[in-house]
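Take a look at the following structure, please.
Below, chains carry the letters A, B, ... as their sequence lines are ordered, and counting in each starts from 1.
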Protein chains: 2
Amino acid sequence: MTDDLVLRRQVCFALYAASRALTDVYRPILDEFGLTYPQYLVLLVLWERGDDAPTVSELGAALRLDSGTLSPLLKRLEAAGLVVRSRSARDERRVEVGLTADGAALRQRIGEVPARVARATGLTQAELVALRDSLTRVTETIHRQKEQ
Amino acid sequence: MTDDLVLRRQVCFALYAASRALTDVYRPILDEFGLTYPQYLVLLVLWERGDDAPTVSELGAALRLDSGTLSPLLKRLEAAGLVVRSRSARDERRVEVGLTADGAALRQRIGEVPARVARATGLTQAELVALRDSLTRVTETIHRQKEQ
DNA sequence: CACAATTAGATTGCGCACAACTTATCGGGG
DNA sequence: CCCCGATAAGTTGTGCGCAATCTAATTGTG
């Protein structure tokens with residue numbers, strides 16, 4: 001029906017607008033650390049991995065980003081002195097992305113960021129969890145369907 | 001706490017990933033019409049407005065996009081023959097964005113797109129409405145706080 | 001009426017996203 | 001052992017998104 005073509009009714013627009021609004025909350029906070037939001041996500045993965053440095057592809061799988069996005073982004077993180085990229089010895093095609101001391105140390109300083117952002121959403125902890133789980137379900141449903 | 005810095009726990013990542021996943025669903029569908037997703041959103045607003053052509057700022061207020069994004073986007077929609085941009089007679093600073101016959105006609109052909117996309121999410125109608133309302137609430141809370 | 005401040009839109013520059021392509025390396029089958 | 005398909009990362013080109021800046025038109029104030 002034609003009535004479906006109304007902006008306010010579209011889940012996709014709500015998603016698109018909420019995503020940009022939340023990025024707006026992150027921007028000034030991450031700016032204090034000289035990071036963009038996608039760069040912060042890459043660091044989250046690296047911090048989580050600890051010592052075993054992921055390859056570019058593994059980072060891409062975690063964040064659902066391809067090398068076209070990650071290669072220049074990682075180059076910038078390397079220029080900022082937060083990560084190191086090195087060709088794998090056993091497979092020269094792979095590039096392993098590791099943290100520098102500065103990159104690892106940043107984790108402590110950035111610790112309270114999620115709480116600051118959560119507060120800005122105006123939702124309770126329970127609501128945030130419910131929202132996150134719905135969103136994750138949407139994402140996984142879509143990706144599952146694409147693989148078939 | 002440090003445990004908050006885990007990718008899967010972050011609402012923001014869920015939002016970011018879901019938004020891109022849903023855009024992935026739209027891409028091949030909108031591609032049949034030669035549109036990108038933001039261009040489709042602009043058309044949604046124009047179709048909704050009917051005869052009263054919004055200015056660039058009014059479009060921006062509806063979609064929360066600024067002229068830096070909209071100006072080149074509208075130029076492309078104009079080049080595609082879907083919209084016309086014209087300086088307002090009574091205020092030469094304003095540019096009014098109207099639909100061409102082709103742009104207006106596209107509405108009919110594109111009508112079933114939201115239903116196709118909704119199906120791809122794997123959520124029920126009720127779940128989609130609940131999700132949309134949560135997201136809208138997040139967006140509005142954030143914007144309200146920013147204005148103060 | 002003059003002129004400063006405001007407003008509207010366009011432009012520039014940067015950093016994603018993503019498709020398409022290129023280069024280099026690897027692994028398996030003849 | 002050699003080639004051939006597959007895989008990994010990088011590059012190029014396009015289109016957002018947004019900050020910062022610019023130009024032009026308008027409004028408010030004295």
Item to check | Listed once per pair and sorted, the salt bridge (Lys or Arg N to Asp or Glu O under 4.0 Å) pairs that draw on residues 26-39 of chain B, sequence neighbours left out | outcome: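 Listed by first then second residue: B:Asp24-B:Arg27, B:Glu32-B:Arg116.
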Checklist entry - Could you state the CD-C1' distance from B:Gln39 to D:dT14, rounded to the nearest angstrom? => result 11 Å
Checklist entry - Expressed in angstrom and rounded to an integer, what is the separation of A:Glu92 atom CD from D:dG10 atom C1'? => result 15 Å
Next on the checklist: Using the side chain to side chain contact (heavy atoms under 4.5 Å, CB included) criterion, which residues pair with B:Ala118? Sequence neighbours excluded.
Outcome noted: B:Leu128
Next on the checklist: Once rounded to the nearest 0.5 Å, what's the spacing between atom CG of A:Leu106 and atom CH2 of A:Trp47?
Outcome noted: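 Here the rounded value is 4.5 Å.
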Checklist entry - Rounded to the nearest Å, what distance is computed from the CZ atom of residue A:Arg87 to the P atom of nucleotide C:dT23? => result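 After rounding, the reported distance stands at 15 Å.
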Checklist entry - Can you name the salt bridge (Lys or Arg N to Asp or Glu O under 4.0 Å) partners of A:Asp52, sequence neighbours left out? => result A:Arg49
Checklist entry - Any side chain to side chain donor-acceptor pair (under 3.5 Å) pairs touching residues 117-127 of chain A, not counting sequence neighbours? => result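 Sorted pair list: A:Thr124-A:Glu127, A:Glu127-B:Arg137.
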Under 3.5 Å between N/O atoms: give me all the protein pairs with nucleotides 3-8 of chain D, atom names plus distance.
| from | atom 1 | to | atom 2 | distance (Å) |
| --- | --- | --- | --- | --- |
| D:dT7 | O2 | A:Arg93 | NH1 | 3.1 |

Checklist entry - Please give, in whole Å, the distance from C:dA10 C1' to B:Lys75 NZ? => result 7 Å
Next on the checklist: Whether A:Tyr16 contacts D:dG17 is assessed here as follows: a side-chain N or O lying under 4.0 Å from the phosphate OP1 or OP2. Is that the case?
Outcome noted: yes
Checklist entry - Who are the side chain to side chain contact (heavy atoms under 4.5 Å, CB included) partners of B:Ala53, not counting sequence neighbours? => result B:Glu96
Checklist entry - Given atom CD of A:Glu78 and atom C1' of C:dG15, what is their separation to the nearest angstrom? => result 18 Å
Item to check | Within-4.5 Å side-chain heavy-atom neighbours: A:Val11 and B:Val117 | outcome: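 A side-chain contact under 4.5 Å is absent here.
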Checklist outcome for this item: In this structure, CG of A:Leu77 is separated from CG of A:Leu43 (nearest 0.5 Å) by 5.5 Å
Next on the checklist: Show every salt bridge (Lys or Arg N to Asp or Glu O under 4.0 Å) that has at least one partner inside residues 70-80 of chain B, sequence neighbours left out.
Outcome noted: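 Passing the test, one end in residues 70-80 of chain B: B:Glu78-B:Arg85.
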Next on the checklist: Show the nearest heavy-atom pair for residues A:Ala14 and B:Thr139, with the distance to one decimal.
Outcome noted: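 That closest heavy-atom pairing would be O-OG1, 4.2 Å.
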Checklist entry - Rounded to whole angstroms, how far apart are CG on B:Leu73 and C1' on D:dC18? => result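 Roughly 14 Å, once rounded to whole Å.
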Item to check | With sequence neighbours excluded, residues passing side chain to side chain contact (heavy atoms under 4.5 Å, CB included) with A:Arg20 | outcome: A:Tyr16, B:Arg64, B:Leu65
Checklist entry - Which residues, if any, of residues 19-36 of chain A bring a heavy atom under 4.0 Å of DNA chain C? => result A:Thr36
Checklist entry - Are any of A:Arg90's side-chain N or O atoms less than 4.0 Å away from OP1 or OP2 of C:dC26? => result no
Checklist entry - Residues from residues 60-70 of chain A sitting under 4.0 Å of DNA chain D, heavy atoms only? => result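 Heavy-atom cutoff 4.0 Å gives A:Ser67, A:Gly68.
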Next on the checklist: For DNA chain C, which residues of residues 42-51 of chain A approach it to below 4.0 angstrom with any heavy atom?
Outcome noted: none
Next on the checklist: Working to the nearest 0.5 angstrom, can you tell me the gap between B:Leu74 CG and B:Leu46 CG?
Outcome noted: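 Between atom CG of B:Leu74 and atom CG of B:Leu46 there are 8.0 Å.
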Checklist outcome for this item: Residues passing the side chain to side chain contact (heavy atoms under 4.5 Å, CB included) test with B:Arg8, sequence neighbours excluded, are A:Glu48, B:Val6
